[in-house]
2 protein chains.
Amino acid sequence: MIPGTRRRRQRQDKVTLSDVAQNAGVSAITVSRALRDPEKVSPPLREAILKVVEDMGYVPDLAARALASKNSGLIGVVSPALTSHSFLAVIRGIEDRVRPSDLRIQYASSDTNAEDQLRLLRFFLSQNPAGLIHVGQIGDLAIDELLRRAPCPVVEIMDVSRQPSDMAVGIDHRLAAETATRHLLERGYRRIALLGGAWDFRARRRLEGYQAVLEEAGLFDPALVLSIDSQSSVGLGCHLLGRLKAEFPDADAAFCHNDDIALGALFECQRRGLSVPLDFGICGFNDLDYAGFAFPAITSVRVPRYEIGYRAVDMIIRAAGSGAPPPKLVDLGYQLVQRGSTARQA
Amino acid sequence: MIPGTRRRRQRQDKVTLSDVAQNAGVSAITVSRALRDPEKVSPPLREAILKVVEDMGYVPDLAARALASKNSGLIGVVSPALTSHSFLAVIRGIEDRVRPSDLRIQYASSDTNAEDQLRLLRFFLSQNPAGLIHVGQIGDLAIDELLRRAPCPVVEIMDVSRQPSDMAVGIDHRLAAETATRHLLERGYRRIALLGGAWDFRARRRLEGYQAVLEEAGLFDPALVLSIDSQSSVGLGCHLLGRLKAEFPDADAAFCHNDDIALGALFECQRRGLSVPLDFGICGFNDLDYAGFAFPAITSVRVPRYEIGYRAVDMIIRAAGSGAPPPKLVDLGYQLVQRGSTARQA
DNA sequence: CTGTTAGCGCATTCAA
DNA sequence: TTGAATGCGCTAACAG
């Protein structure tokens, strides 16, 4: 190609539905049907049409389709922690379930405040979405109301301990925290801290579970709940463990809000010459990839994050379909994975 | 609200441009202009219109806008490793630059093969995107050609060692690998392995750099290049280090394709009682959050991933704008961050 | 600076 | 089973 001949910014001759229709000797609507509703077109005609579609390289104009049908085929995902490690697997699940469908996903990362989430949800709603996935965070009334009135299926994901506006899939974070805390008790730890980042809805549920179990054992000490309102990270875990041991040298274990913090705590213990699990026990949350490979391996609560994403999309698809509607609330359950970081005799 | 009164699946009375126009006593196009091109409307009228827009809660219909203007305001991102740790920061950069604009992002995770990438790029192109961001992988001719002819700005990100079809932003992976390998040599390591995952374009460039430096030193041994064709992870790092030490007990360092593998290698060394950095040196790549907090902290090559994402969007916006066009090729540079995992005297 | 006209590409009526 | 007419909501191109 001669340099300068390059036609940037200039739309290629686009193949439209009527182009295909002409070439196939039918009307546009028939082509449309052959594509979206093949069974409404006689087999021979259908095949002929699909062949022309193929030959001409026709690709539907989604904007036109959305405008005409009031159905964008878009699923909006709103999450405050779109780019957190733990959300990656959720995204994978979402993508895998969407791939074989003709839906598309659009992600939006929100702030943690209700206004920003409302803004994004409204934005998606203005596009006639096929569905909405929301990482339920707050229990904000305005959000609830908006989701309840939404003209499309809505799935709130991650936690199921609250009645959803429409549907929900996830686990019960309070229960999970109870299980983890009880495990630490059973291993003989007594001064068990809670190390965390921002106090989102799920974190608060976990605090409740942690607190309930320790109170029952007569071992709850609010001073051992340490957190900093920031995106959690390995660095934060180091910092929090440092603070904990500085203020409470007798602290002998930590239930961490997630594995990043647990890993940071582990490193910090190593740095301070504390033996994990003998001197200090560590339990994480999420069971990320690395938890099982750390040294010692980190006990964690496995959350079926991939499945949550997968099921969320599945529920939307089934809610929109004609078959049996999906259950409104799916508790996928968690699993405590015991590993070296808490492997101490009671 | 009375239960059962809930109107799901039924579009709320939508406010359209002409609704606003009527209420404001102007024509639709004027409202349109007040929104998109405020300077083409007289200030008093503009304010009046914007007030009505606000009051009525008007939200533009993006599908209609896309259809009418042949500009969807959409930037498509195609990457095979959308959900890898190292891509998270890129996404953050992308989102941050997009937020203040009126563009939207849509991500698509591709397979590593050219066909799948072509499919997704074509899909985006059929939507009149405002721009395309592609994690350049292969140097495939068909992809090159497609991107070259694309009627919108295209930015290939991550590596800049190849002439881009349109624009590119990233670093030179080969140079980065040379720097890292040289560092290991300077620290006195002699049997330096390369541990990696799949051999994508960038990984091959890094291999070249690693090989060049070692050959120059007369220390290159192809047997020390270990990789498994899978998404890299901490577990893979453990596995590869195990294999390496089993086959080559004299290996004394590893340059890892990324920090996940480096972390796995570190854990595996600890498990085997190998001292890092005395018995074995480890250098990672990317400088993820945790590298600096590990014990010992992991030497790594800092890649400005956030900036890459940010700049990519910026280049698209500027290429579409009327101002000076952005440079075609932006090398953001890397930085070797020396830490404990290679802190051995030469 | 503002309005009129026309049409983007498709799908939803309806009718045949 | 197929087709014709119509309009989705918006903006480009022109006119005033």
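Each chain gets a letter, A, B and so on, in the order the sequences are listed, and its residues count up from 1.
- Considering only the side chain of B:T16, D:dC10 comes nearest among D:dC8, C:dC8, D:dC10.
- Atoms CG (B:N128) and P (C:dC8) sit 13 Å apart, rounded to a whole Å.
- Side-chain N/O atoms of A:T30 include one lying less than 4.0 angstrom from OP1 or OP2 on D:dG3.
- Look at CG on A:L17: it is 8 Å from C1' on C:dG9, rounded to the nearest Å.
- If you measure from atom NZ of B:K14 to atom P of D:dC8, you get 12 Å, rounded to the nearest angstrom.
- One can place CG of A:D19 at 9 Å from P of C:dC10, the figure rounded to the nearest angstrom.
- Here D:dT2 presents its P atom at 13 Å from CG of A:D37, a figure rounded to the nearest Å.
- You'll find that the side chain of A:S42 is closest to D:dT2, out of D:dT2, D:dT11, D:dC10.
- Taking atom NZ on B:K40 and atom P on D:dA13, their separation rounds to 11 Å, with Å as the unit.
- Between A:E47 atom CD and D:dT1 atom C1' there is a gap of 16 Å when expressed in whole angstrom units.
- Annotation: the span from A:L332 atom CG to A:R305 atom CZ amounts to 12.5 Å, rounded to 0.5 Å.
- Taking the nucleotide of DNA chain D with the nearest heavy atom to each of B:I29 and B:L67, the more 5' of the two is matched to B:L67.
- Ion pairing between B:D144 and B:R162 holds under the 4.0 Å rule for side-chain N and carboxylate O.
- Checking B:A64 against B:E39, the closest nucleotide of DNA chain C that is more toward the 5' end is the one next to B:E39.
- The nucleotide whose nearest atom lies closest to any side-chain atom of B:A28 is, among C:dG9, D:dT11, C:dT12, D:dT11.
- With distances taken from any side-chain atom of A:D61 to the nucleotides D:dA13, C:dC10, D:dT11, the minimum falls on C:dC10.
- By the 4.0 Å N-to-carboxylate-O rule, A:K328 lies close enough to A:D166 to be salt-bridged with it.
- Distances shown here put a side-chain N or O of B:S27 below 4.0 Å from the OP1 or OP2 atom of C:dG3.
- A salt bridge links A:E145 with A:R149: the distance from a Lys NZ or Arg NE/NH1/NH2 to an Asp or Glu carboxylate oxygen falls below 4.0 Å.
- Taking only side-chain atoms of A:K70, from C-beta outward, the nucleotide of D:dG9, D:dT2, C:dC10 with the closest atom is D:dG9.
- Between C:dT12, D:dC8, D:dT11, one nucleotide has an atom nearer to the side chain of B:R36 than all others, and that is D:dT11.
- To the nearest 0.5 angstrom, B:Q106 atom CD is 13.0 Å from B:I133 atom CD1.
- A straight line from CG of B:L35 to C1' of D:dT11 spans 12 Å, rounded to a whole angstrom.
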